[in-house]
Number of protein chains: 2
Amino acid sequence: MLSMATSNMLGGVASARTYHHGNLRATLLEHAEAALAAGSELSLRELARQAGVSHGAPRRHFADKQALLDALALDGFERLGAALALAESTAAPGFRGSLLAFGRTYVHFATEHAALLELMYAGKHRPDIGEGVARAADEAFAASFSLFAAAQAAGEIVPGDPERLGTVAFAALHGLAAIANGGMLSPDADLDVMVDELVDRLVLGLAPR
Amino acid sequence: MLSMATSNMLGGVASARTYHHGNLRATLLEHAEAALAAGSELSLRELARQAGVSHGAPRRHFADKQALLDALALDGFERLGAALALAESTAAPGFRGSLLAFGRTYVHFATEHAALLELMYAGKHRPDIGEGVARAADEAFAASFSLFAAAQAAGEIVPGDPERLGTVAFAALHGLAAIANGGMLSPDADLDVMVDELVDRLVLGLAPR
DNA sequence: ACCTGAACACCGTTCAAGT
DNA sequence: ACCTGAACACCGTTCAAGT
């Protein structure tokens, strides 16, 4: 019960002996995350090579490449949801505190895991919608979204469809992360300052008058 | 001088005779844009096939696949810049009118050309930065960005670094487009309403108090 | 149950050779 | 100047065959 750690059942220097005994799936996902973090292209054959198995072996655990990407995306949404829940639980009181905690955490996650984030959202616009991925995405944001209805009930923000207000605020924060990941921020700009600026403008813009 | 049309020197039913006489470059770009609009993967070999040339022929006009993508991105930024300029010139007076025109035009372009937009920004986070692409991007937004300094001069919005304010507002609108393109808007949500809502919140949040 | 390895149909890129 | 076509080094996917 020690491991709150996400999914590294094998540490970095694990005994290479137990491959092909049930953990090829986990090994493939680990190498995939590493490749993602390193910014390299994801090749199923390359992942198989890194795991020391033949190129046909991944087929036993992932029907195709997209299934592996979906598994990565799902894990990403779970980690994001956990990060957001933690941030919310330690946020300063009030709507501004909550939105600031959400914004900083979301943008931090998004820029710290740029390639993963792209992958997480790339799945959503596919026709078949990765099933579990869409549900994981909803769950990751569900708690944060209730924040708007709560703020309305407390009279901290204007009335109106809370989903629309929440979507608009989330979109704004997501856009900031996207702009940062795209390298479109002027080199001397401070992203944290931008997040605070955006949250402040949103809070002021949403304030009842 | 009739053609205000963007770049279709050859119409859809043009004489297929003049290929290999100087316009293979344009033909490749046309087929590429069509593939982009259709949502299919871009394959250089497939584009060559569609143009009726061998797979090695594109090499004469584009050093590699990325060079063709850069050409598409550059054209995209030019079209976006033109659309924004037109919108700005017919906008309602004042900061709100200008930001509304910008927002509606940007989000419309972004959702109408989702794959192109992704390509336009994908280039920017590459190490070598596509040269002309980065400049084209700057030029597309330059005029719109001056809007914030002007609004400050007119006392319509708060003081502060106009680049920071402009970036934050742009990021918010870009995020809304990204969310829409990612299929993350609830099916019954109206994107136009969202844009107006976001612009209103930004205008209120930026108002001097 | 899990993995191998040949096979198939694709890629992008390179480069001699043709016209 | 522009294009062809073979060659090279990759892909993802499939599937019989092995253990």
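Chain letters run A, B, ... following the sequence lines, proteins first, then strands; residues in each count from 1.
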For Watson-Crick and G-U wobble pairs within 3.5 Å on both distances, what is DNA chain C written in dot-bracket notation, | included for inter-strand pairing?
||.|||||...|||||.||
Could you tell me whether [X] and [Y] have a side-chain N and a carboxylate O separated by less than 4.0 Å?
| X | Y | result |
| --- | --- | --- |
| A:R164 | B:D190 | no |
| B:D64 | B:R59 | no |
| B:R25 | B:E30 | no |

Using whole Å, what does the distance between atom C1' of nucleotide D:dA1 and atom CZ of B:R25 come to?
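Answer to the nearest Å: 16 Å.
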Tell me: CG of B:L24 to C1' of D:dA1, nearest whole Å?
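Atom-to-atom, B:L24 to D:dA1, this comes out as 13 Å.
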Answer yes or no: is there a donor N or O on one side and an acceptor on the other, between the side chain of [X] and the main chain of [Y], under 3.5 Å?
| X | Y | result |
| --- | --- | --- |
| B:Q152 | B:G160 | yes |
| A:S40 | A:A35 | yes |
| B:E197 | A:V168 | no |
| A:T105 | A:A87 | no |

How would you summarise protein contacts on nucleotides 12-19 of chain C per nucleotide, using B for base, S for sugar-phosphate only and - for none, with heavy-atom distances below 4.0 Å?
BBB-----
Assuming nearest nucleotide by heavy-atom distance, tell me which of B:S54 and A:R49 is located more 5' along DNA chain D.
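With B:S54 and A:R49 compared, the 5'-side residue is B:S54.
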Is any side-chain heavy atom of B:H108 closer than 4.5 Å to one of B:V195?
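B:V195 does not reach B:H108 side chain to side chain.
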